[in-house]
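Data block below; observations after.
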Amino acid sequence: MKCWIVRYGLSFHLEDRREEPAWVESHLRHCQPCREYLQSQRQLGAHLRAQAASQRETAPAYFKARVLHAVSTQEHRSTRQLPGHSWSYYLSISTAAACVVVAGCLLLWQLPNRAQAPQLPPLNAAWLAQGTNRLVTIANLEAPLEREMQFVVDDAKTALYAVADGVLPAGIWSAARQTDR
Amino acid sequence: MMPAEKSIAMEPLQPAVVVGVESFGALVEQHQDRIYNFLRRMGLSEPDAEDITQDTFVKAFRALDRFQPVYSFSTWLFTIARRTAANHFRDRHATEELPEEIGGEHDDPSQALVKQDESQRLWREAKKLKPRLYEVLWLQYGEGLSIDETARVLNRSPLYVRVSLHRARNQLAKILRRNSL
């Protein structure tokens, strides 16, 4: 068996301090370099453990008091804080939600005006029998639906102006509002 | 011996009995040196190591109810400390360099005098390894963590830890051989 495979296997068992597997044992019995390798690896580990003590640094004497002060300050702050997030978190969430609503409404608004769509033939068996895959619209519902959509867009714009007025520099949104009107 | 049994034997005070800041102080006293020393070994300056040790304990205190005693409390603290240090480096990466110790050996002539100190030679040579290999080596031999505990701290598999240890020991042995020639 190749020595490098055995050495790889040996390494895996060094930290466990268990006996080597039988296939490693049988190789070690007749391979002097691998026995020396195992010995050197064990010695290296032992030296690393022993010399680690000289590497130790201790925290300053005042450190415990400093940590406890920080912990108690944090605890005090967390009890004073309202549950949940700060006002900036809610502001950013509400702005993002308003933007999504406005974008959705504008997208729907830009859809082709169905009121001007050509009148389709009445739905009957003969027409269906033609096998066409045409879009069926109900003309009576389109006008009220469009008015509702306009209301939603207006509401969303008003909400967005109200939020943006408090965040962006004064004048930008007022100008935009004037243009819009 | 199982890691959990060992940790209970080594750590008389368990987080389960911590009810307030004062009793948390006992845990701070018990672990502050290990965490501080670990951060110093990872190449942090004294002020940075103090700050991150403090942050580690503050985070641990706030998350005490989420601590699961599958592994020891110190393993959990090492995990928090390592992540906090990583975030610290990531946040200041844009403006500052990493600590020089992580980058490699100094060419400062005064370092040559320090090299005479044989008791620290091994770990100083180990600093020439890649930081991730040095970290595994320190957790294993410096802190005496088991393979499973080291894997937990690094958020890696035990196999990764074994392979890294194998590479770290071999590379360190090569460095030592080269220097002794």
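Atoms considered below: every heavy atom in the structure, side chains included; atoms not considered: hydrogens, waters and symmetry mates. Note on naming: letters A, B, ... go to the chains in the order of the sequence lines (proteins, then strands), and numbering restarts at 1 for each one.
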### Query
Within a reach of under 6.0 Å around CZ of B/Arg152, are more than 12 heavy atoms found that belong to other residues, nucleotides or ligands?
no
#### Entry: Trace of the side-chain contact (heavy atoms from CB on, under 4.5 Å) decision for B/Tyr36 with A/Thr58
CA-CA 7 Å; B/Tyr36 175 79; A/Thr58 54; 5.9 Å; no
### Message
For chain A, which candidate among B/Gln140, B/Glu46, B/Gln32, B/Glu143 shows the most heavy-atom pairs at distances under 4.5 Å?
### Response
B/Gln32
#### Entry: Among the listed options A/Arg7, A/Gln41, A/Glu57, the residue most often paired with chain B at heavy-atom distances under 4.5 Å
A/Glu57
### Query
Heavy-atom distance under 4.5 Å to chain A: side chain of B/Val161, backbone, both or neither?
neither
### Query
Are A/Val100 and A/Leu108 joined in one hydrophobic group, where the rule is that I, L, V, M, F, W and Y side chains link up if heavy atoms are under 4.5 Å apart?
no
### Task
Look at the side chain of B/Gln54 and the backbone N and O of A/Val67, then say whether any donor-acceptor pair between them is shorter than 3.5 Å.
no
### Query
Measuring heavy-atom distances to chain A, does B/Thr53 have an atom under 4.5 Å in its side chain, in its backbone, in both, or in neither?
both
### Task
Could you note down all residue pairs passing salt bridge (Lys or Arg N to Asp or Glu O under 4.0 Å) where residues 60-71 of chain A supplies at least one of them, sequence neighbours left out?
A/Lys64-B/Glu29, A/Arg66-B/Glu50, A/Arg66-B/Asp51
## Note on the structure
The reported gap from CZ in B/Phe24 to OG in A/Ser72 (rounded to nearest 0.5 angstrom) is 11.5 Å
#### Entry: B/Leu172/A/Leu48 under side-chain contact (heavy atoms from CB on, under 4.5 Å): CA gap, chis, key distance, verdict
CA-CA 11 Å; B/Leu172 181 58; A/Leu48 283 169; 4.0 Å; yes
### Query
Is it true that A/Val24 and A/Trp4 fall in one hydrophobic cluster, defined by side-chain heavy atoms closer than 4.5 Å?
yes
### Query
Taking only residues at least two apart or on different chains, which pairs with a member in residues 56-67 of chain B satisfy salt bridge (Lys or Arg N to Asp or Glu O under 4.0 Å)?
none
### Query
Which pair of heavy atoms, one from A/Tyr37 and one from B/Asn170, lies closest together, and at what distance?
OH-OD1, 2.9 Å
### Task
Determine, using the 4.5 Å side-chain heavy-atom cutoff (strictly less than), whether B/Leu154 and B/Ile147 are members of one ILVMFWY cluster.
yes
### Task
May I ask whether B/Val153 and B/Tyr160 are part of the same hydrophobic cluster, defined by side-chain heavy atoms of I, L, V, M, F, W, Y residues being less than 4.5 angstrom apart, directly or through others?
yes
### Message
Restricting to non-hydrogen atoms, name the atom on B/Leu122 and the atom on A/Gln51 that form the minimum distance, rounded to 0.1 Å.
### Response
CB-OE1, 3.0 Å
### Summary
Distance col, row A/Ser40:OG vs B/Arg169:CZ, nearest 0.5 angstrom, shows 9.5 Å
### Task
Please flag which part of B/Val58 lies under 4.5 Å from any non-hydrogen atom of chain A: side chain, backbone, both or neither.
both
### Query
B/Asn37, B/Asp33, B/Ile35: which one forms the most heavy-atom pairs within less than 4.5 Å of chain A?
B/Asn37
### Task
Would you confirm whether A/Arg56, through its side chain, and B/Gly142, through its main-chain N or O, come within 3.5 Å as a donor-acceptor pair?
yes
### Message
Please classify the contact of A/Tyr8 with chain B as side chain, backbone, both or neither, using a heavy-atom distance under 4.5 Å.
### Response
both
### Query
Are A/Val153 and A/Phe151 joined in one hydrophobic group, where the rule is that I, L, V, M, F, W and Y side chains link up if heavy atoms are under 4.5 Å apart?
no
### Message
Quick check for you: to the nearest 0.5 Å, what is the distance between B/Phe61 atom CZ and A/Leu68 atom CG?
### Response
9.0 Å
